[in-house]
Visitor: 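The following block contains the structure, expressed as C-alpha cells.
Residue numbers begin at 1 in each chain, while the letters A, B, ... track the order of the sequences.
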There are 2 protein chains.
Amino acid sequence: MAGLTKKRVTLADVARLAGLSSAAASMILTGRPDTRLSAEAHRRVHEAAAQLGYRPNLAAQALRTDKTRTIAFISDYVATTRYANGLIRGALAAAQEAGHVLLLLETGGEPDREVQAIEAALDRQVDGIIFAAMRAREIFVPTLPAATPVVMLNGTSTRFPLSVLPDELTGGHSSVDLLYAAGHRDGIALVGHNKIAEQGLFRSETVGRRIAGIHAAMREHGLDFAVEESCWEWEPHHGFELARKVLAQRPEITALLCLNDRLAFGAYQALAEAGRSVPGDIAIVGFDNDEIAGYLRPGLTTIALPHEEMGRASVRLLLSPDASGEHLISMPVVVRASI
Amino acid sequence: MAGLTKKRVTLADVARLAGLSSAAASMILTGRPDTRLSAEAHRRVHEAAAQLGYRPNLAAQALRTDKTRTIAFISDYVATTRYANGLIRGALAAAQEAGHVLLLLETGGEPDREVQAIEAALDRQVDGIIFAAMRAREIFVPTLPAATPVVMLNGTSTRFPLSVLPDELTGGHSSVDLLYAAGHRDGIALVGHNKIAEQGLFRSETVGRRIAGIHAAMREHGLDFAVEESCWEWEPHHGFELARKVLAQRPEITALLCLNDRLAFGAYQALAEAGRSVPGDIAIVGFDNDEIAGYLRPGLTTIALPHEEMGRASVRLLLSPDASGEHLISMPVVVRASI
DNA sequence: GCTAATTGCTAAATGGATTTAGCAGGCGGG
DNA sequence: CCCGCCTGCTAAATCCATTTAGCAATTAGC
C-alpha cells in the first residue's frame, strides 16, 4: 500500500516508527515480564509491528539466544518402513502446536551418516533432537553439547534415558485376552515367533516385550500354544507359508496369533487357498494396525502401534524440561471382524 | 584431550591459532577463488580448523549471506497418503547429496496453515520451497520474496511454472500396451473411471492425464472398452464391488484395467470369491506400484508412480538456477504375474 | 633512484536481535 | 537543601561470519 518495501522489516524499523529505541521494542515484543516500559510504549510498539508486518529474523535471534524453535528428527529409515510415517506425522503436529518446526534427517543406519546428520542438526542450533529408531541398535552419537535435549523414539539408549515406546507388554497381553474372550483355548497357533527377534537385534527393540506379554498372558490363562511357527522376516509370503504349514500339520487349529499384520495378510491367503473361512473356521489377530489390516476381508482385528501418539509424545517430552525415563504409549485394540 | 572446551569454536579461534586475521581465515575456509593469500596461510588455517574441529555457526552465516542450506518441504498431507513417503525420501536423499537439509511442514490443505508454514519457512530463511500436493488444488501462497525459488511437486500452479510431475500420459499408454501385447482385444474393462477425477478436482492433478493416455492408446490400437465402471473413491472395497458387478454382468471379460492398485486389490478379492483365477481367467493391471501390489498373489503388474525419483528431481530443480517448466518423470512398468 | 603496481594481509563495517549497564528526571525522606 | 530511589528509557556490547576498503612491504618499470 504505502510503497515498495524492498527490504525486510527489521526491529529497528519498528522502533523508529514507534518513536522508541530498538532495545525497548525488543523487550516489549518478546514480552519480558519485569520491564518498566509504559503502557503507552507497549501500545505504540505493537501497533508499529503490526502496521509494518514485522517478523523477527530468526537467524539473528538464534545467533543471540541459541534458540531456533526447530527440532531435529533423525531417523534411521524413513520410507523403508511405513511406520516412520505416523511417527513423523505425530511429531509434526505436536511441533506445530508448540510453535516449532521439524528438521528431517535420515541416516540409513550408517554411523557416518549419523554423525553427519547430527552435525547438520547442531550446526543449525536445533533446540533438541529426536532419534527415531525403526530397528533396534545403539545409535552412535558423537559428543553432543550437554545442553541439547534428546529423546529416543521407538528405541532406547544407555546414553539418553528419555524415551518413548509402545506398551508392547500390555499389547501382547491384549492379543491373547482377545482370543481367550472369544472362547479359544487349545487350538491357538503363534506365527512369527523368533529367538533373534526376541533378543531385539534386528527388529524394533520392543518386539521382545510383545512376545513376553503374549507368553505372560498365556500363562495367566493357563494356556499353551498348540504350535509355534517361527521365521526370520515378517513379510506376507512368510505368513502364507507358515499358515499353510500349520493348516497341513495341525488341521484342528482354531486361531492364528500373528506377530504382525503382514504375516496375517499372508495367512489370509493361505486360508483362502485351503478353503477355510475367517473367522468361522479360524480366528486371526495381528499387530501394528497396518494399512492393509483394514483392506482385508473380513477386516483384521489387530493391536495397533500408536505411531502418531508416540510422535506427539516425543516432541512434548523434548520440550518439557523436567521429563525423564521411559514413556510407554498404550496400544489400542482395533476390533474388526477376524475373531 | 587438550582441555575442557566449554564453548563453541569460532572462526576467531581458528584465526588466532593460525596466526592470522579472521578475515583471512574466512576467505580461506570459504574457498574464495581470487584471493591473494599465500599457500602457507592456507595450510595453517586448514590445519587450525581441523585441529580445533571448527564448524561455522550457520546462524551467523545465514545472517550475513542469507543462505541456510535448508529447503522447506511443504506438503498438504504427509501421512494421509502413503505417497508422500517416497517423495520425502527422494527429496531427503537429493538434499543430502547437495549438502542441504529438509524442513518438513504440513498444512492439511488449510489456507491458514499454509500461510503459517510459509512464514515459518521464510523466517528461517530457507533457500527454497517445495510445495508437494497430494490433491490437486491451487495453493494459496502469500506474497513471497521474489528471490525464493519454488518447485511444485506432483501439482502445478499458475504462479510457479517450475513443476515435477509423473508422466501419466505415457504411463496410461503403457498400461494398455501391456494388455494389447498379451493378446487382449475385446474383453477389457476399465475400473475406476470418473468424470470428476478426470477433471482433477479431488485427486492428484495428473490422473486426468492417466485416463487420457489410456484412451489415446485404446484408440491407437483400434480398441474399445467392453465396460467402463466408475466410482468416486479408489479404495479396495470399491474395486471389490465394481469387479463383482463386472463379473456378474459381463462374464466374457478377460482383463481388468484398474486405475490404481487398491482398486486392483479389491478386484482380486472379488475374483477369488467368484472362483476366477489371475491371470489364467482374467488379467489385471494397476497403477502406482503400491506396497500391496507386491503382496498380492499372484503379484500385481502395475505402472509405478516414481515418487522417489520425483522427490529427487524436485530438489535438484530447486537448486539449479536456470530450471523452468514442467518436468515429467517416467512411470516404470513393474511386471509381475497378473497378466 | 623513484614512481607505480602488485602482493599479502588486516581493521572495521555489516547483518538483526538481545541484553547489560547506566543516564536523566521526578519524587520522597530527613 | 541534599541524598537516594524509582521510573522510563537508551547507548553500546554481544552473538559470529563475511566482505569491503585499504595499509605496508615488495617488486617491476624506466
Visitor: Does a donor on one side chain sit under 3.5 Å from an acceptor on the other, for B/T70 and B/R124?
Guide: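 No, because no side-chain N or O of B/T70 sits under 3.5 Å from a partner of the opposite role on B/R124.
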Visitor: For A/Y54 and C/dA17, is the shortest distance between a side-chain N/O and OP1 or OP2 below 4.0 Å?
Guide: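 Checking A/Y54 against C/dA17: at least one side-chain N or O falls below 4.0 Å of OP1 or OP2.
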Visitor: Atom CG of A/N57 and atom P of C/dT14: how far apart are they, to the nearest Å?
Guide: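 Whole-Å distance recorded here is 17 Å.
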Visitor: Counting only non-hydrogen atoms, which of residues 21-33 of chain B are less than 4.0 Å from DNA chain C?
Guide: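 The answer is B/S21, B/A23, B/A24.
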Visitor: Is B/R44 reaching over with its side chain to a backbone N or O of B/A18, donor-acceptor style, under 3.5 angstrom?
Guide: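 Yes, because the side chain of B/R44 sits within donor-acceptor range (under 3.5 Å) of the backbone of B/A18.
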Visitor: Using atom CG of B/D66 as one end and atom P of D/dA17 as the other, report the distance to the nearest whole Å.
Guide: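 After rounding, the gap between these two atoms is 17 Å.
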Visitor: So, B/R8 side chain and B/R55 main chain: donor-acceptor pair closer than 3.5 Å or not?
Guide: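 Yes, because the side chain of B/R8 sits within donor-acceptor range (under 3.5 Å) of the backbone of B/R55.
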Visitor: I'd like to know if the side chain of B/R69 reaches the main chain of B/G99, judged simply by a donor and an acceptor atom lying under 3.5 Å from each other, with no hydrogens or angles considered.
Guide: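 The answer is yes, because a donor-acceptor pair under 3.5 Å joins these two groups.
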Visitor: Give the rounded distance in Å between these two atoms: CZ of B/R69 and P of D/dA17.
Guide: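 That distance rounds to 16 Å.
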Visitor: Tell me whether A/R312 is salt-bridged to A/E97, with the criterion being a basic N under 4.0 Å from an acidic carboxylate O.
Guide: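 Result for this pair is yes, salt bridge flagged.
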Visitor: In this structure, how many angstroms lie between the P atom of C/dG8 and the CZ atom of B/R44, rounded?
Guide: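 Rounded to whole Å, this separation is 13 Å.
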Visitor: If you look at every strand shown and take non-hydrogen atoms under 4.0 Å, does A/A59 touch a base, only sugar-phosphate, or nothing?
Guide: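 If one applies the 4.0 Å heavy-atom cut-off, A/A59 turns out to touch nothing in the nucleic acid.
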Visitor: Got a salt bridge between B/E40 and B/R43, using NZ or NE/NH1/NH2 to carboxylate O under 4.0 Å?
Guide: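 Answer for the salt bridge query: yes.
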Visitor: Starting at CZ of A/R55 and ending at C1' of C/dA17, how long is that distance when rounded to a whole Å?
Guide: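 The answer, rounded to whole Å, is 15 Å.
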Visitor: C/dG16, OP1 or OP2 - any side-chain N/O from A/Q61 closer than 4.0 Å?
Guide: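 For C/dG16, neither OP1 nor OP2 has a side-chain N or O of A/Q61 closer than 4.0 Å.
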Visitor: Roughly, in whole Å, what's the span from CD in A/Q125 to C1' in C/dA17?
Guide: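 Those two atoms, CD and C1', are 14 Å apart.
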Visitor: Check whether any side-chain nitrogen or oxygen of B/S38 sits under 4.0 Å from OP1 or OP2 of C/dC9, and answer yes or no.
Guide: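 Yes, B/S38 has a side-chain N/O under 4.0 Å of OP1/OP2 on C/dC9.
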Visitor: If you measure only the distance, is there a donor-acceptor pair under 3.5 Å linking the side chains of A/Q96 and B/R113?
Guide: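 Yes.
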Visitor: Side chain of B/L63 only, heavy atoms from C-beta on: which candidate in C/dC9, C/dG16, D/dT19 is closest?
Guide: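 Given the options C/dC9, C/dG16, D/dT19, the side chain of B/L63 is closest to C/dG16.
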Visitor: How many whole angstroms separate atom CZ of B/R36 from atom P of D/dG22?
Guide: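 From B/R36 CZ to D/dG22 P: 14 Å.
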Visitor: Between B/A60 and B/L37, who's closer to the 5' end of DNA chain C by nearest nucleotide?
Guide: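 Between the two, 5'-proximity favours B/L37.
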Visitor: Between C/dT10 atom P and B/L11 atom CG, what is the distance in whole Å?
Guide: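 Interatomic distance, CG of B/L11 to P of C/dT10: 12 Å.
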